[in-house]
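Numbers restart at 1 for each chain; the letters A, B, ... are given by sequence-line order, proteins then strands.
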Amino acid sequence: MEKWYLMTTVVLIGLTVRWTVSLNSYSGAGKPPMFGDYEAQRHWQEITFNLPIKQWYFNSTDNNLLYWGLDYPPLTAYHSLLCAYVAKVINPDWIALHTSRGYESQAHKLFMRATVLIADLLIYIPAVVLYCCCLKEMSTKKKVANALCILLYPGLILIDYGHFQQMELYHSLPFFCFLLGKCFKKGLKGKGFVLLVKLACTVVASFVLCWLPFVTEKEQTLQVLRRLFPVDRGLFEDKVANIWCSLSVFLKIKNILPRHTQIKISFCFTFLSLLPACIKLILQPSPKGFRYTLVTCALSFFLFSFQVHEKSILLVSLPVCLVLNEIPFMSTWFLLVSTFSMLPLLLKDDLLMPTVVTVVAFFIACATSFSIFEKTSEEELQLKSFSVSVRKYLPCFTFLPRVIQRLFLMSAITMVLLTLMTVTLDPPQKFPDLFPVLVCFVSCLKFLFFLVYFNIIIMWDSKSGRNQKKTD
Amino acid sequence: MAALGLAASGGNWFSALALGVTLLKCLLIPTYHSTDFEVHRNWLAITHSLPVSQWYYEETSEWTLDYPPFFAWFEYALSHVAKYFDQEMLNIHNLNYASAKTLLFQRFSVIFTDILFVYAVHECCKCIDGKKAGKELTEKPKFILSVLLLWNFGLLIVDHIHFQYNGFLMGLMLLSIARLFQKRHMEGALLFAVLLHFKHIYLYIAPAYGIYLLRSYCFTANKPDGSVRWNSFNFVRLISLGLIVFLVSALSLGPFLALNQLPQVFSRLFPFKRGLCHAYWAPNFWALYNALDKVLSVIGLKLKLLDPNKIPKASMTSGLVQQFQHTVLPSVTPLATLICTLIAILPSIFCLWFKPQGPKGFLRCLILCALSSFMFGWHVHEKAILLAILPMSLLSVGKAGDASIFLILTTTGHYSLFPLLFTAPELPIKILLMLLFTVYSISSLKTLFRKEKPLFNWMETFYLLGLGPLEVFCEFVFPFTSWKLKYSFLPLLLTSAYCAVGITYAWFKLYVSVLTDPPVSKTKKQ
C-alpha cells in the first residue's frame, strides 16, 4: 500500500534531476559548422520527415551523409520521425529541409529536451520501476532504494539530458530481456518451451517490423548495415577508454597494421573474451548467470570492439544496474568509473557542475541505501567460491577484501585528482591531449579489472553455492 | 573506511537529507531568476562602494535598499567575498549585471547561508515528541518533519529559483522558536530581535513573542486554574528582555540615529505608497474582496446599474503596482487594513494570555498572527505565506487535526506561488517539485496518523484535487484560447481567488481549534 507513494517520490526525484540537468548546455551548442549530437538528432528529424524511407540511409543531394548521416538502426529513425511530426505542429522551421541546419533557439531546446523526457517517462522509467518491483527477497524500502539508485545513475542522465542523446530505447532492452529470462526459469521442457517459442516469435516479429522497409532490396539492407557498422572509420575515434586506444599510447597500432587486419584482431579478441562466460551460460543457464553474462559481454564488446565511442559504456552500465542489489559495492564503483570515463566529453559540453552534483548524489544514495562500505566481505562480493578454490593452493589467500577496499580508495583518489587537474591545470605544450588520454587509460585499466572480476563471479558460480544461499 | 561507512549508513539520515537537498539546489543554479537577483546585486554594490551614510539615500537603481540595517551589513559582508568572484558586480552603475561568475556567487551565497536553516531544523527536531513513532525510520515524526522543512517546496523555489535569502532568515525564526521550546527564553528573544532587524516582515509575529514572553516568562507561576498569578511577576526578567531588545535595536539603528537618518530609513522600510495588492494578488482576504468587487462591477455594468464613465480606467489586474479605487465596494486604506489585522490577531493573543499552553500555545499563536497578517495586511506578497507554512510544519507531526490544516494550507499556499515562475523551462520543475512535496507530505502524514480518522473530508479532498484542473487550464489551455488577449489577467485572478478560499478556510479552522482547545494543566509533560 505504501509502496506506491515511495516509488512515486523516487520517480519524481529522478525526473526532477533529469530536467534540471537538461537546463545546461548541450553538445555542440553554438559551434558551427558541425555543431554536435544535438544537431545530429534534429537533422534526423529533418531527414526522416522530408525524405521517403528508401532514401534515409543513402547519400544524395538532399541527404548528405557526411553531415550527421543516419547511423542508428531503423527504430531510432522511426522515433525521430515521430518527434518530427510533433515539431511540424509546433514550428515547421525546426525541420525544414536544408534551411533548418544549425537551428538553435530556446524554444527548440525545450522541445528537444521534452522529447527525451517523454521517451524516458514512457519507456525507461516504467521498465526500471517494474524491474525493481519484481525483485525477490527484498523489503519494500530496499526495492524503492534500488530504484532510486538506478534512476540517479549519472552517466545516463548526463549523456541523455546534458550532452544530448536518446539512448533509453536500447536500454529498456536488457530489462525486457531479463523479464524474458524469467521465462526460461520455468523450465526448458513443456511450458517453458512453448514460452520460448512465443518469445522467439515476438523477437523475430518485432525485428521484421522494424526492418520491413529495408529488407525489400538487398542494396537497402547492405547500405543500412554499412551505416550501422562503419568499418571504414577505423579502429577507434577520439579518446575512448578501451584497449585499442590505451594500447596506442605505447604502440601505434593504427599505423602498423592494415585496416582488415585490425578488424580481424578486434573481432578475435572480442570473441575470445566473450567465450568463457557464454559457454558457462549454455551449460548452466540461470537468471543470475544471464545477468552477469550481459555485463561481461557488453564489457568485452566495449573493450575490444571496433569503432567504439565512449558513450557505449552506458550499454555496459545498464546491466550493471541490474545487479546493483546483489553486489552493491562493486556495482557502485563500476558506475562511478563509467561516468568518470566520459569526463572529457562532459567537460567539452560545459557540464562540470551537473556532473559533480549527480555523481555525489548517486554516491550518497547508494551509500545510504545499501550500506556499501559494510558489505565488503568475501561472501558479499560473491567471491567466496573463488577464494575457497584458491585457498586450496594458497592457504594464506584471505586478503582479498582488504585489497579490494584499498583499490577502491586508490581509484577514488585517482578519479578526484584527475578531475581536479583537468579542470584547473593547462596541459603541457608537448602533450595537449594529456588529460583525456590519462582519463581513458586509467578507466581502461579499471574496466579490465572489472572484466576479470565479473568473469570470476560467473565461472565460480555453482549450483552448490546457490543452494547454500537459500538455506541461509 | 569503517568511519566513512558509519557516517554514510542509515544512522545519519539527517545529513543525507540535508546533503541531498543541497545537491538539488546546486542543480537549480542555471534556472530563471527574477528581478530580486538584481536587487541583491545592487545592494552588494551599494554596501561595498558607498559609505554607510549613503546606504539609505542611494537611488541610482530603482531597487533601493528597503531592508533593515542588519541585512545591509550582511550584504556588506557578502560583498567582501564577492570581490573574489567578479569585481564588476560591485559597481553601482552596472545595472542588471549578471555574468556567469556573479550568478554562481549569488546562488552559492544562498545555498551556503542555508546552513543556518539546516541547523535550525536539527534543533526543531529535538523539540518534537517522538513517542508516537513506529520502528520504521520513514515513519518517525522527526524524519517527516525534517523532510517537510528541508525539502519545503516554497522555500526551494522562492530562494533558489526566484532568488531570495529566506533560508537563513527562516532558520533564525525556527531557531528562536526551538529555543523557546527548550526554555532558553533569553536566547529565543535575542534571536527574534536580531531577526526583526534583518527583515521587518517578521513584525507580523512580534505580538506572539511579546505576549508569550510577558505571560509565561515574566510571570513565573500560574494559579491552579491556569490564570495569571500577579504576584509572581519577575521584574528582573522583564528588564533583561527589554535590555536585549534595546541593545539589538541600538546596534542596528544606532548609526542611523547618529546620522539623523531615521525618518529616511523608516520611509524606505515602510513604503505605503504602494497599492493594496501586489501586481499579482496574494491569495488573502483582499483578493477575495477585489474579486467580488470586480464581479459585482461586471454584473452592475451588464444590468445597467453602473455608469461606465464613472469607473476608473486603471484596472488593478492589469499588473501595475499603484493605488486603486474599488468600484462597488468601499475602498480600502492602509489604516483599515491595520485595524482589520489587529482585530484578527486579538482573539489568539487573548488565548495566549488567558489560556497559556506553553510553547505549543505560543507556536499556534505565532502561526495565527502570521496568517492573520497575511489575510488582512497591506501590500502583502504571496511569498509571505511561508511565514505561516514553516512553523506550521512543527505542529503537523503532532496532531491529526493540525496535520489536516497544515496540508490544506501548504498545498494551497505552495500552489499560489506558481505565478512567480512563469517561464517555460521552469514549468516542469515547478510541477515536478510540487508533486514531489505534495505526494510526500500527504502520504507520510496519512501514514503517521493512520489510526485516527481520515485527514480530509470529501469537500477538502475535492478542493485540493481541483488544483490540478486549475493548473491545466491556466497554463496549458488558456494560452491557446481567444480569451488570452481580452482577459489576460484571468489565470492570475483565478489562481489568486481559488487559493484565497483554501487559505481562508485553513486560517478559520486553525482559529477554531485554538479557541476551542481545552486549557492544558501545567502538570502535562511538554
Checklist entry - Of B:I429, B:L28, B:L27, which is the lone residue that meets side chain to side chain contact (heavy atoms under 4.5 Å, CB included) with A:L23? => result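 Only one of B:I429, B:L28, B:L27 forms a side chain to side chain contact (heavy atoms under 4.5 Å, CB included) with A:L23, namely B:I429.
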Where does [X] contact chain B at under 4.5 Å (heavy atoms): side chain, backbone, both or neither?
X	value
A:L110	side chain
A:V17	both
A:L117	neither
A:K109	neither

Quick check on [X] against chain A: is it the side chain, the backbone, both or neither that has a heavy atom closer than 4.5 Å?
X	value
B:L19	side chain
B:I431	neither
B:I442	neither

Checklist entry - For A:K88, does the NZ atom have more than 12 heavy-atom neighbours from other residues, nucleotides or ligands under 6.0 Å away? => result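 Not buried by this count: 12 neighbours or fewer within 6.0 Å.
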Next on the checklist: Is it the case that over 12 heavy atoms from other parts of the model lie below 6.0 angstrom from the OH atom of B:Y84?
Outcome noted: no
Checklist entry - So how far is it from B:L23 CG to A:T358 OG1, rounded to the nearest 0.5 Å? => result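 Here the rounded value is 9.0 Å.
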Item to check | Contact leader toward chain A among B:A16, B:G20, B:S444, where contacts are heavy-atom pairs under 4.5 Å | outcome: B:S444
Checklist entry - Is there a donor-acceptor pair closer than 3.5 Å between any side-chain N or O of A:W19 and the backbone N or O of B:P425? => result yes
Item to check | A:T8 vs B:Y440 side-chain heavy atoms within contact, under 4.5 Å | outcome: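 Sidechains of B:Y440 and A:T8: no contact.
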Checklist entry - Hey, which of A:V21, A:V356, A:L15 has the most heavy atom pairs under 4.5 Å with chain B? => result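 Among the listed options, the one with the most contacts to chain B is A:L15.
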Checklist outcome for this item: Smallest heavy-atom separation, B:L435 atom then A:L12 atom, equals C-CD1, 3.7 Å
